[in-house]
Amino acid sequence: MDKNFDFKRAEAEHNAKWIDNAMFRAVVNPDKKPYTIIMPPPNITARLHVGHALTYTIQDAIIRFKRMQGFEALMLPGADHAAIATEVKVAEELKKQGIDKRDLSPEEFMVHINKWYVHYTAEIKTQMKRLGLSCDWSRFGFTMDDQTTLAVNTVFHNLYAKGLIYQGERMINYCTTCGTAVSDAEVEHEARSQTLFTIRFGNIDIATVRPEAIFSAAAVAVNPRDKRYAKLVGKMATIPFINIEIPIIADETAEMKFGTGAVQMTAHSTQSHEFTTKYNITPVKVIGMDGKMFGERVGEFAGMTVAEARKAVAKKLKDEGFLVSEKKHTSNVGVCYRCHVEIEPFVSLQWFVKMKELAKPAIEALNNGLMIVPKKFEKVYLHWLNNIRDWCISRQLLSGHKIPIDGVDDKLDTWFSSALWPFSTLGWPDKTDSPDFKYFYPTDTLVTAYEIIFFWVIRMVFSGIEHTGQLPFHTVLMHGLVRDKIGRKMSKSLGNGIDPLEVIEEYGADVMRFSLIVGTKLDRDPRYSIEKAVLARNFINKIWNAVKFFNVMAADGIDDEINPKALCHADKWILTKLNAIIKSTTKKHEKFDFGVAANELQSFFWNDFCDWYLETVKVSGNKRQSLAVFRHVLVNFLKLMNPLMPYVTEEIYCNVLKMGETIAFEAWPVSEFNFAREKREFDSVIEVVETLRTNKSDDVTAVAVDWAFAAENGLVEKLSGVKIEWRPVAEPTITTKISKIHLVVDEDARCAKVEKQIAHIDMEIERCRKMLSNPGFTNKAPRQKVKEEEDKLLELERQREILAGGK
RNA sequence: GGUCGCUUAACUCAGUUGGUAGAGUACUUGCUCGACACGCAAGAAGUCAUUGGUUCGAGUCCAAUAGCGACCACCA
């Protein structure tokens, strides 16, 4: 065996084996129950980041676990065309080559888009494969492939025919940089510092952060309860520069406390839109879809961008005495989630999905078999669905799915196709009668970071219900976002990101996977730093070395079978411990609690198996049997560990132990051995060893021990490193549960130690007595608990007596 | 403004139904005793954010406060 685990060689070998033999290709198998995970398709615009590594590790852990439990496991991979994001990236690329997107015809531009699709789909696949995912590559889907396109068109026509898709003039969010409408979910709100201007509109002062919009003002609103303006209601205000008169109207929309309490109503805010619709006013538009000022009213500002015009108008207002005051003001501004430029609200002709009706069954789904883990996200889910507004699905882009209506050039929101992903990937609609679709759909668990609940999860749920009549999955598992060492989001601008591919390159995929998961709960945002990779690497090294030890020992002979009658204490102890860890790991995996399970497995292997059991094997009286036990525990451990560490477990199982072609399809371990009494007894032996280790140091000249486990004498001497005289001890200085120990030591040192121990016991006795003398406790606590305390007190008093006597 | 989280050892995190606070790292001390220094053994280290309540008993349940964070929302 190699000195250390050669992950590079092992990863290459096993990955090639898995992929070349299509080992994880799922098939319709009536003898097995299916378990399906449709993987969230990553955007083809970026390299995989550590968040992908986390989510795919979780998904792969689930699917490997289910596969070993005997399910026909399908994990279906794919990639998303990410319409806007890709278009922006391609345009940037072209710019670097000196090509301006606007100089290209749509057809020419699409050539570049298509090239990008091909190149980066392959790239993403390669990167995903490095994580060691056990997905079915033969079913890899792309959101622009024929199958998805068919599903998109079918869904569009179905919804259109039902009147659930309509075209209308509505107030929408428009990104002037991306040049397209975006949906509500695509608008982020950021706190930004702005200037709040107070501007004289003739007889009234209005407050606004958008001086450039004054040219569009069609009314001024004041609160009906605002006494300051009561006599002005019904009068006219005057727009500066252009001297157009507009009415002053009393309406609740104006907040008395904000600014001057008077606000302009224009064509360029949602608040205004609601107002002008209510009063049947049509404001004049002065900002174009290109984000530039236009029209007669704006005069010399025509052609300026909004940002330019804001400055210029403010300056002119000041110069001409219309500006009453200006002050800093922080408020939330809607920005495009892609480019983070301020969103312009526009009334424009777009396509929408009517949501109220579709949302209803999605809300009810929580009572009809949909489970969201952790449960706290149910509230977020419901809140959004209960307040949902129609979904703007048209985008003014060149790439993406075309709205399938003759003469319409708009494309569809990229999430329109994502929403169909759980069933379009399985052949819906054309292969809905196929065994594949019938077998694998509905899928089982959807795993994703919580940030994507609105964009995606909710839309998949209502789409599944609407188009297939079934929930697309029964469980949604939401996990956190990976943060850096001090809790910040990992981002390019902060430079605090960790590249999973670099970690894999340096430490291996198992390290990447294990270190992301171990010791965390999925509902929290895990913090990640490279130190965690080092720890995981050390653990794998520990496993590797234990196997090396086994190999050396087994060369001298090993029994094929475990014979329970021939086992020693330690053998039975570790088998019973194994039994417990199998139960616990299984239970935790069922609850998706992989992080805590990983912690327990690590502790089991390192502390119980290596620190204790492995050491006993060295002095075992029946080595051939003990090694059979060793192998049994090791193999079961490998199986339990496989979902998180597929490579090293596969390498040991197949290449070192030569137990088979792959561990991935071996049955998940079940409890077999349970020796409760022997386990308890060996725990006591350990206690004796630990007692001896603790006490052996300071000036101990001789040790005598009296106990009933003569067979373990050699073991205790070996493990404690103490030379022991085994004889009856009349006056013990220390007693454990199963032994009397007499230490011949330096008196002063011993007395000090004993006194410390007595002080500790006294504290505990005090606590016990207090509890037991409290009638509240003895009357109200469960009888068993009271009995426990009584026994504990007796034992403590006995120990104290012995200690005091020895002194 | 609304909603929801989080706060446990120096650090990263566990802590099932309330019953004397746990792990790993780091730290201190000692280690070449059949694999492992990416290691072995021993040790020290915590007012469980604060306050109040419920209870015989609270890290755990309830309320308030503080700090941090996330999401939602048209205060111009």
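Just so we're on the same page: letters track the sequence lines, and every chain starts at 1.
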Enquirer: On RNA chain B, compare the nucleotides closest to A:Arg210 and A:Asp593; which residue's is nearer the 5' end?
Expert: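 Mapping each residue to its closest nucleotide by heavy atoms, the 5'-most match is A:Asp593.
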Enquirer: Of all the nucleotides listed (B:A73, B:G39, B:G15), which has the minimum atom distance to the side chain of A:Asn538?
Expert: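 Nearest listed nucleotide: B:G39.
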Enquirer: Which base, if any, makes a Watson-Crick or G-U wobble pair with B:C75, both distances under 3.5 Å?
Expert: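 Across any shown strand, B:C75 pairs with none.
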Enquirer: If you pin A:Ile486 and A:Glu255 to their nearest nucleotides in RNA chain B, which one's is more 5'?
Expert: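 Counting from the 5' end, the first nearest nucleotide belongs to A:Ile486.
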Enquirer: Between B:C48 and B:A35, how far apart are the C1' atoms? Round to whole Å, please.
Expert: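 After rounding to an integer number of Å, I get 40 Å for this pair.
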Enquirer: Rounded to whole angstroms, how far apart are CG on A:Asp523 and P on B:G5?
Expert: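 That distance rounds to 11 Å.
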Enquirer: With a 3.5 angstrom cut-off on both distances, give the Watson-Crick or G-U wobble partner of B:A70, or none if there isn't one.
Expert: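 Matched B:A70 with B:U3 under the 3.5 Å cut-off.
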Enquirer: Select base, sugar-phosphate, or nothing to describe what A:Lys379 touches, counting heavy atoms under 4.0 Å on all strands.
Expert: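 Sugar-phosphate: the residue A:Lys379, judged by heavy atoms under 4.0 Å, touches backbone atoms but no base.
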Enquirer: To the nearest Å, how far apart are A:Met771 CE and B:A58 C1'?
Expert: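 After rounding, the reported distance stands at 13 Å.
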Enquirer: Just name whichever nucleotide pairs with B:C13, Watson-Crick or G-U, keeping both distances under 3.5 Å, else none.
Expert: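 When the pairing criteria are applied, B:G22 turns out to be the nucleotide that pairs with B:C13.
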Enquirer: Is B:C27 paired to anything, Watson-Crick or G-U wobble with both distances less than 3.5 Å, and if yes, which nucleotide?
Expert: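 For B:C27, the partner nucleotide comes out as B:G43, under the 3.5 Å rule.
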Enquirer: Given that both distances must come in under 3.5 Å, which nucleotide forms a Watson-Crick or G-U wobble pair with B:C48?
Expert: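 Partner of B:C48: none found under 3.5 Å.
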